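Here is the structure we will look at, set down as structure tokens.
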Amino acid sequence: MKSKKNRLFIIAFTLPCALSLFIMYLYPIVRTVIMSFFGVESVTARMSEWSFNGIANYQKIFSSPTFHQAIRNMALIWIVGGILVLSFALLFAVILTSGIRFKKFFRAAIYLPNVISAVALATMWIQYIYNQEYGLLNKFLEALGLEGKNWMGTDMKFWAMLVAFVFGAVGYYMLIFINGIERISGDIFEAATIDGANKIQQFFSITMPLLRSIFKTNITFWSINCISFFLWSKMFAPVNTEASTVVPVVYLYDTVFGTTGNVTRDAGAGAAIGVVLSLFIAVVYFIMNKVIKDDDLEF
Amino acid sequence: MRKKEKVVYREKINWKKEAALLPGYAIVLIWIMFTAAFLFWIIAASLSTSREIFSGNVFKFATGIHFENYVNAWAASNVSVFFGNSLMYAVVTCVCVILISAPAAYVLSRYTFLGRKPMKFSLILAMSIPEVMIIMPIYSLSAQYHIKGRILLMILYIFLRVPFTTTYLLNFFASLSKSYEEAATIDGCTPAKTFWQIMLPLVQPALITVTIFNFLSVWNEFFMALIFASSSDMTPVGVGLLQIVNGMKYTGDYGGLFAAVIIVFLPTFLLYIFLSEKIISGVTGGGVKG
């Protein structure tokens, strides 16, 4: 009797959560995967209107020049942006854990861009920093006697976008690094100091190796962040998608929902892009687990 | 005299230490000063005319402080509608997510039953699935069942926040002592009553942290809103701001644009000023495992 009552209680308490997992994740994921092997024009098309066409959707996206461009841009954001973000984040984390004053204030100020609306942040960058006439960047260059540039022009747009994105992202990875560094026991550094190791030696021989699993976390999160990169690209090219800023999710969005100039839609191909991006994430997880083994070191 | 010497001595030690840290201070200060200059300029621009902005004289306020930019943005540019929508989405989501996630997190952390492990695993998996994998079926489902407008967005936001919230709360419930429940059972409390009256209040700090994160997340959400907010009366602030930016080439009201940016930015900024310690410790305390 009691166990039956208990079972009822467990079901009642977990059902809403299980239902939301089913409706929001399980069913859509399965359907998207199936959809990626079918010819589906409109997203709202019923399953009976789908026509099986094997891997044609995948062939279509992999032969699309826009998709190639999108992958190239994503890879560039991943590598260049990744190096910048993780270097700045690590630098700030090391500085803030070195016994600096006002640590809490600095930490909060650097993390700030992560809390405010990214749309507002992007708007500030585009409308102020990069503005050709009154923008901060051109005013600064002018003061140095250099000529200003049109940062939102085709040639500079990608880099303008990348820098703005990096600025906003650093704080988050910094917090994870700080958390990792603070968990390393102070005794290790004390012992190293007694043995005559200077700060830089300590950083490379103690901090870095012990931060291995933190690096793993950060690289994984950064990769997922890059794979789902969308908002900044949309903000830097709000009306028409441009080759300089296109990324896979933008390409997917255009393929599924159409663009202003192009009304042909292909939800099947969109699903294929989604599956490819999910595979990227799976590969990232797999590689990170293989390459950087979770250390058994207790510290 | 002696006392004075002592003070000087202490300062000397400090200065030596501070001097070694000087490069660190310099790097961090440059970064923060850039952020601050950036924000102050936007605030000043939001109080200036378009002409002043273009001539680069936003800090002079030659024609006075133009609060009407805010009035214009709020009323004419529809910011009041976007703001109201976002507030409603965020508040409703925060409440409903707790009602769904807290009971589930409690049961998942305290009881062993069939399907417990798969469910925990699914929650973690759901957090790493890109949103592009789920939007298309959701779009067709919502069209098929004629669910649209604000209700649809609210349902989506609630569902989207369930995996994170449940996983976050799970760890907190797991850390509570079993003796609370044992005592409650002896006193004749049903499991449900024990949860609502005893266990839930005990994780209040975690509830607050996770609610802050849910609020920030919904307030700043963009992708779902872009796809599912089909008309401007249900648009939240993120997409609304994009619409204002896109309309700029017709209106040319730069003061109003920056005022709109400030209005969108202010709620989360104020939240952050008061709760930054809680937010920062929450970032590394919950979902992230090092």
Side-chain angles (χ1 to χ4, degrees), chain A residues 6 9-10 13-14 16-18 20-21 23-25 27-29 31-32 35 43-44 91-92 95 98 100 106-112 115-120 123-124 127-128 133-134 139 175-176 179-180 213-214 217 224 227-228 230-231 238-239 249 252 256 267 270-271 274 277-278 281, chain B residues 21 24-25 27-28 31-32 35 38 41-42 53-54 56 100-101 103-104 106-108 111 113 119 122 126 128-134 136-140 143 159-160 162 166 191-192 216 219-220 222-223 237-238 241-242 245-246 257 261 264-265 268-269 272 276 279-280 283-284 288 290:
Chain A
N6 244 348
F9 163 72
I10 289 170
F13 267 39
T14 49
C17 178
S20 59
L21 274 177
I23 300 170
M24 192 69 180
Y25 296 96
Y27 171 77
I29 290 167
R31 187 165 156 148
T32 304
M35 204 164 142
V43 214
T44 50
L91 177 69
F92 288 148
I95 292 173
S98 67
I100 201 166
F106 289 147
R107 191 178 60 176
I110 295 172
Y111 183 69
L112 171 70
V115 178
I116 58 183
S117 160
V119 180
T123 309
M124 293 187 217
Q127 302 294 338
Y128 173 44
E133 281 154 78
Y134 55 82
K139 282 268 187 266
L175 289 190
I176 300 176
N179 186 257
S213 67
I214 300 290
T217 309
I224 294 173
I227 290 167
S228 47
F230 175 78
L231 189 150
V239 183
V249 180
L252 178 143
V256 174
L277 293 181
S278 304
I281 291 179
Chain B
L21 294 171
Y25 278 114
I27 295 167
V28 173
W31 184 277
I32 290 172
T35 315
F38 183 1
W41 189 91
I42 303 280
I53 294 170
F54 270 91
I100 295 176
S101 287
Y106 174 68
V107 169
L108 282 171
Y111 291 83
F113 56 94
M119 197 161 161
S122 313
S128 45
I129 283 290
E131 283 174 353
V132 291
M133 275 303 272
I134 57 177
M136 285 170 269
I138 297 283
Y139 197 93
S140 75
F159 283 171
L160 268 184
V162 163
T166 313
L216 292 177
W219 187 270
N220 295 336
F222 180 73
F223 190 57
V237 286
L241 194 56
L242 177 66
V245 175
N246 287 343
L257 170 71
V261 168
V264 170
F265 152 105
T268 51
F269 181 70
Y272 188 61
S276 67
I279 293 174
I280 284 173
V283 171
T284 44
V288 180

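Predicted model only: the values in this text are computed from it and were never measured. Numbers restart at 1 for each chain; the letters A, B, ... are given by sequence-line order, proteins then strands.
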- Item | Worked check of side chain to side chain contact (heavy atoms under 4.5 Å, CB included) between F269(B) and V115(A) | CA-CA 7 Å; F269(B) 181 70; V115(A) 178; over 6 Å; no
- Select one option (side chain, backbone, both, neither) describing which atoms of L175(A) are under 4.5 Å from chain B's heavy atoms. both
- Applying a strict 4.5 Å limit to non-hydrogen atoms, the region of F92(A) in contact with chain B is side chain
What is the minimum heavy-atom distance between [X] and [Y], and which atoms define it?
X       : Y       : answer
T14(A)  : M119(B) : O-CE, 3.7 Å
A120(A) : L241(B) : CA-CD2, 3.6 Å
P28(A)  : P137(B) : O-CG, 3.2 Å

With a 4.5 angstrom heavy-atom cut-off, could you sort out which part of [X] is near chain A: side chain, backbone, both or neither?
X       : value
V107(B) : side chain
Y25(B)  : both
L160(B) : both
S276(B) : side chain
I134(B) : both
L257(B) : side chain

Counting heavy-atom pairs under 4.5 Å to chain A, which of [options] comes out on top?
options                           : result
T35(B), L108(B), V162(B), I32(B)  : I32(B)
I27(B), V264(B), T166(B), L216(B) : I27(B)
S122(B), A143(B), A126(B)         : A126(B)
P103(B), P130(B), A192(B)         : P103(B)

Out of curiosity, [X] [atom1] to [Y] [atom2], how far, rounded to the nearest 0.5 Å?
X       : Y       : atom1 : atom2 : value
Y111(A) : I279(B) : OH    : CD1   : 7.5 Å
I100(B) : S20(A)  : CD1   : OG    : 5.5 Å
M124(A) : F265(B) : CE    : CZ    : 5.0 Å

- Test E131(B) against V249(A) for side chain to side chain contact (heavy atoms under 4.5 Å, CB included), laying out the working first. CA-CA 10 Å; E131(B) 283 174 353; V249(A) 180; over 6 Å; no
- Item | Under 3.5 Å donor-acceptor, Y272(B) side chain and A108(A) backbone | yes
- Query: Is there a donor-acceptor pair closer than 3.5 Å between any side-chain N or O of T32(A) and the backbone N or O of M133(B)?
  - Reply: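 Checked: pair present.
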So which of [options] has the largest heavy-atom pair count under 4.5 angstrom toward chain B?
options                   : result
I29(A), I23(A), L112(A)   : L112(A)
P238(A), A267(A), S228(A) : P238(A)
I110(A), V119(A), T123(A) : V119(A)

Is any side-chain heavy atom of [X] less than 4.5 Å from a side-chain heavy atom of [Y]?
X       : Y       : result
I42(B)  : Q127(A) : no
F230(A) : V132(B) : no
N6(A)   : F113(B) : no
L231(A) : F223(B) : no

- Determine, stepwise, if the pair L21(A) / F159(B) fulfils side chain to side chain contact (heavy atoms under 4.5 Å, CB included). CA-CA 7 Å; L21(A) 274 177; F159(B) 283 171; over 6 Å; no
- Task: Determine, stepwise, if the pair N220(B) / I116(A) fulfils side chain to side chain contact (heavy atoms under 4.5 Å, CB included).
- Result: CA-CA 7 Å; N220(B) 295 336; I116(A) 58 183; 5.8 Å; no
- Message: If we count only N and O atoms by modelled type, under 3.5 Å, do the side chains of S140(B) and R31(A) hold a donor and an acceptor together?
- Response: yes
- Message: Can you classify the ring geometry of Y106(B) versus F9(A) as parallel (below 30°), tilted (30 to 60°) or perpendicular (above 60°)?
- Response: perpendicular
